[in-house]
There are 2 protein chains.
Amino acid sequence: MKTRKDKFGNINQREIANELGVSQSLVSKILAGRNEASPEMTGKILRLVQEKGYRPNMLVRGVLSGKTKTIGVVIPADGFFSEIVHGIHDCLTRAGYAMFLVWNDDHMVAPDSKKELEYIHSLVDRRVDGIILRPTHDEVSQMYFNEVHLRGIPMVIVVREIAPAHYDFVGTDDRAGGELAAKHLLELGHRCLGQIAGPSIVSTSRGRRLGFESAVADFGPTASCLTIEAPGFSNAKTQILELLQSTPRPTAVFAANDDAAAEIYVIAASLGLRIPDDLSVIGFGDLVFAPHLTPPLTTLRQNPYSIGENAAALMLTKCASKHKKKPAPEVMNIKFLPTLVVRGSTCAVKQRSQSV
Amino acid sequence: MKTRKDKFGNINQREIANELGVSQSLVSKILAGRNEASPEMTGKILRLVQEKGYRPNMLVRGVLSGKTKTIGVVIPADGFFSEIVHGIHDCLTRAGYAMFLVWNDDHMVAPDSKKELEYIHSLVDRRVDGIILRPTHDEVSQMYFNEVHLRGIPMVIVVREIAPAHYDFVGTDDRAGGELAAKHLLELGHRCLGQIAGPSIVSTSRGRRLGFESAVADFGPTASCLTIEAPGFSNAKTQILELLQSTPRPTAVFAANDDAAAEIYVIAASLGLRIPDDLSVIGFGDLVFAPHLTPPLTTLRQNPYSIGENAAALMLTKCASKHKKKPAPEVMNIKFLPTLVVRGSTCAVKQRSQSV
DNA sequence: TTGTAGGCGTTATCAA
DNA sequence: TTGATAACGCCTACAA
C-alpha cells in the first residue's frame, strides 16, 4: 500500500528497468558505461533515462564506495578567505567534487572550540572525502587529530599551521613576508623600527614577527626594533599608542596586518604624526581597503586564490592515493611568497626626525 | 575474506552491537533517544558509542528518509554575494543543516547556461533538500523548472527574479531603490537627469530603471530623464560618454550599480567635469569601495546578510512543510527596502550649470 | 546478453 | 526489553 513512482522526479534504476521489462542490474551496467547489453537495449535504456530525467543517487554510491566526491571546507568569513574558497571551489568543481562550506567565525582564540568540533562532526556525518581547514589556533590540533586523523579522513590545513606537523599545509610564507617588510624599511634608511605583532599563539603572527626581527638583527647593531604584541589582529589601540609614544619613537612601523595598519593611521593622526613623513607604515595582507587609505598603504600581498587552488589540488591527490590504497604521500608544506606592494605610506627616513 | 572493522574510524552500529552481544537494531533505538532498553544496556551502549567515536551516517539516513539536511546554494563569487551566503549559512547552521556552495561566476548573460545546469545536477545527484539560487538571467527559468521544480525540490530565488513567478523570492526592492534615487536628486533641485541602466533582461536592472523613471514622471513635466542601457553592469564606457555628452547635459546621473558609478567618475574627470559640483552621481549597492571613492559615493545600500538569512529561513519552512506533506505554502516574495546613503557625490544643483 | 542475489548502514515494523 | 526482517537505491559477483 505504499506510494510509489508518485512523483515525476526521483526516479530510480528499478523503475527504468521495470518499464522496459529488464532487470535493474542491467540498467546499472549500461549507466556505468559498460557495453554489456545489445545495442537496441542500450539505446532504449539510455533514451528512457534521458526522458525520465533519471539522476544517479550519490548518497547510495557514497555508502557503497566510501567516496562521496565531496570536500568540507571550514574557514572564516571575510574577503580574504572568500578568495581562498574561490580557489578551492574552482579546483574541486573541475574535478567533479562538491564543496560543503562552513564559515568558522571565531577569528580569534576561541575557547569554545566545541563549536568547531560540531562543524567537523557535521562534515564527518555526511562522510566527506576530506576536510580543508583554517584552524582557529594551535591548541585545537589535538581535537582534529582525534576527530579527523583517526578516522582516516585526509585533511589539509590552510593559512595557519598547527603544532604537530602531521598535516599538509598550504599558506603564505609569513616569515619571508616579515623579512621583506623589514628590508624595505631598512633600505629606506629607517633604523629605529617598531612592530605591532599579532597574538603569538597564531602561526602567522609568529612567522611575521620572527621574520621581521631576524632581518633587523641580520642588518647589524645600527638598527633596532621594538616589538609590542597585541592580543588580536585589530583593536590594538593601547599597544599602538604605547609604541608610538616610546622613546626613541620609531620612524617606521610594521603592522601584523592591514587592519592594525589602519588603526595606526588613526592613532598617528591623533598624535599629530603625518604618514609617511613622520612615520612610515607597512601592513600585511593587501586587503581591499589598503589602496583606498590616505595615503595608500604599502603592504605585503598574499595569494589567497592560489592558496585555495593548491590546497584543493593537494586534497584531491590525497583522496586519490587513499582510494588506491597507495602508501600515503609524504606530508606537503606549500608556502607562497608574499609580494611587496609599495604605495604611499612608506618613504625614506627624514634626517631631522631622528631626534624626539 | 573481506577486510572489516580494519580502521579505527568509520565504526557502525553493528560493530557496537556485536561487541556488546546485542542486536544492531537495539543500538539504533537507543541512539535515536528512545528509552526502550534497560538502563544498564543503555549505559553500556552509549559509553561504547562515545569511546569508539561512532558517528551516524547521514548518507544512509538520507537514502532512507529522503531528507539530507543539506541545502545547495548557487551564487556568484563576490563581496556582495559573500554576505548573502553568510546570512544563509548562519541560518542553516543554526538549524543543523549543511550548505553546498557553488560559485556561479557567469555574472552576465551566460549563453552557456549548460554550466549552470551541471551545477544543479551536481546538487540534485547529492539529493539536497533544497536549492537557493541567483539566476544568471531570466530565460534560464525553463531549465530550472524542469530540473528542479519537476523533481519537487524546493527552490528559493535570490536577488534576481525570474519570469514565471512560481518561485519564492528574496531580494531588494529595486524599484523602490530607483525611486529613492530619483527623489533624492529631485529634492536637490536637479531637473535634467540621466541614467545608466543595466541590461533589461535582468530583473534588478529593470526594477531600478522603472523606479527611477516613474519617480521622474510622477514629479511632472519640469523634470526629464535620459536613460541609456548598458550591455553589462560595468564596462559601460561608451554609454556613459554618450550620456555625458548629450544635450542638454544631465546635472545628475543615476548608475545602475556602484561599478558603473565608479566608471562615471573616471569619464567625468576626463571630460573636465567635477563631482559633485558639475555632476551629481548616485550609485546602487554600497559596495565596499563606495565610501573610499573621492568624493565618497552617494548610493543605495542593500541588505545582503538579511537577504541570505531570510532566503534560508524560507527554505527551511518549505522543507518542513514538504516533509509533513502539508499543502505547499503560498509563494513568498520578500523585498528589502534599500536605504539611501548620502555621501559626497551628490549636491544641490548649481543654477549656472544648466546651460551647456 | 541478461538475470539473480547479496550487501552497504540505517530506520521502522512487528514479533518474541 | 530485545531481536528479526524488510526496505532504501545502487553496485558487483556470479549464474544462466
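In what follows, chains carry the letters A, B, and so on, assigned in the order in which the sequence lines appear, proteins first and then strands, with residues in each chain numbered from 1.
Environment of CE in A/M332: sparse, with no more than 12 heavy atoms of neighbouring residues, nucleotides or ligands closer than 6.0 Å.
Under 4.0 angstrom from either OP1 or OP2 of C/dG9 there lies at least one side-chain N or O belonging to B/N12.
If you take CD1 of A/I45 and P of D/dC10, they are 14 Å apart, rounded to a whole angstrom. In this structure, CE of B/M58 is placed 14 Å from C1' of C/dG9, rounded to the nearest angstrom. One atom, CZ of A/R55, and another, C1' of D/dG9, lie 15 Å apart when rounded to the nearest Å. Between the CD atom of A/E15 and the P atom of D/dA7 there is a distance of 15 Å, rounded to whole Å. As rounded to whole Å, 21 Å separates atom P of C/dT2 from atom CZ of A/R14. In this structure, B/K44 atom NZ and D/dT1 atom P are separated by 16 Å, rounded to whole Å. Whole-Å rounding puts the B/I30 CD1 to C/dG9 P distance at 21 Å. As rounded to whole Å, 14 Å separates atom C1' of C/dT10 from atom CD1 of B/I16.
Contact of the A/L123 side chain with the A/V74 side chain is registered, since non-hydrogen atoms from C-beta on lie closer than 4.5 Å. Counting heavy atoms from C-beta on, the side chains of A/C319 and A/I71 come closer than 4.5 Å.
Picking from C/dG9, D/dT2, D/dC10 the nucleotide with the shortest atom distance to the side chain of A/V60 gives D/dC10. Which of C/dG9, C/dG3, D/dG3 sits closest to the side chain of A/V63 comes down to C/dG9.
Side-chain atoms of B/Q24 and B/N12 include no donor-acceptor pair closer than 3.5 Å. Judged by distance alone, the side chains of B/T70 and B/R126 never bring a donor and an acceptor atom under 3.5 Å apart.
Within the nucleic acid shown, A/G62 has no heavy atom closer than 4.0 Å to any nucleic acid atom.
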Can B/K52 and B/E19 be said to form a salt bridge (Lys or Arg N to Asp or Glu O under 4.0 Å), step by step?
CA-CA 11 Å; B/K52 294 259 179 183; B/E19 194 134 336; 3.4 Å; yes
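Taking the six-membered ring where the residue is Trp, A/W103 and B/H89 present perpendicular rings, their angle passing 60° and hence far from 30°.
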What's touching nucleotides 11-15 of chain C from the protein side, N or O pairs under 3.5 Å?
unit_1	atom_1	unit_2	atom_2	d
C/dT11	OP1	B/R61	NE	3.0
C/dT11	OP1	B/R61	NH2	3.1
C/dT11	OP2	B/Q13	NE2	3.0
C/dT11	OP2	B/S28	OG	2.7
C/dA12	OP2	B/R34	NH2	3.4

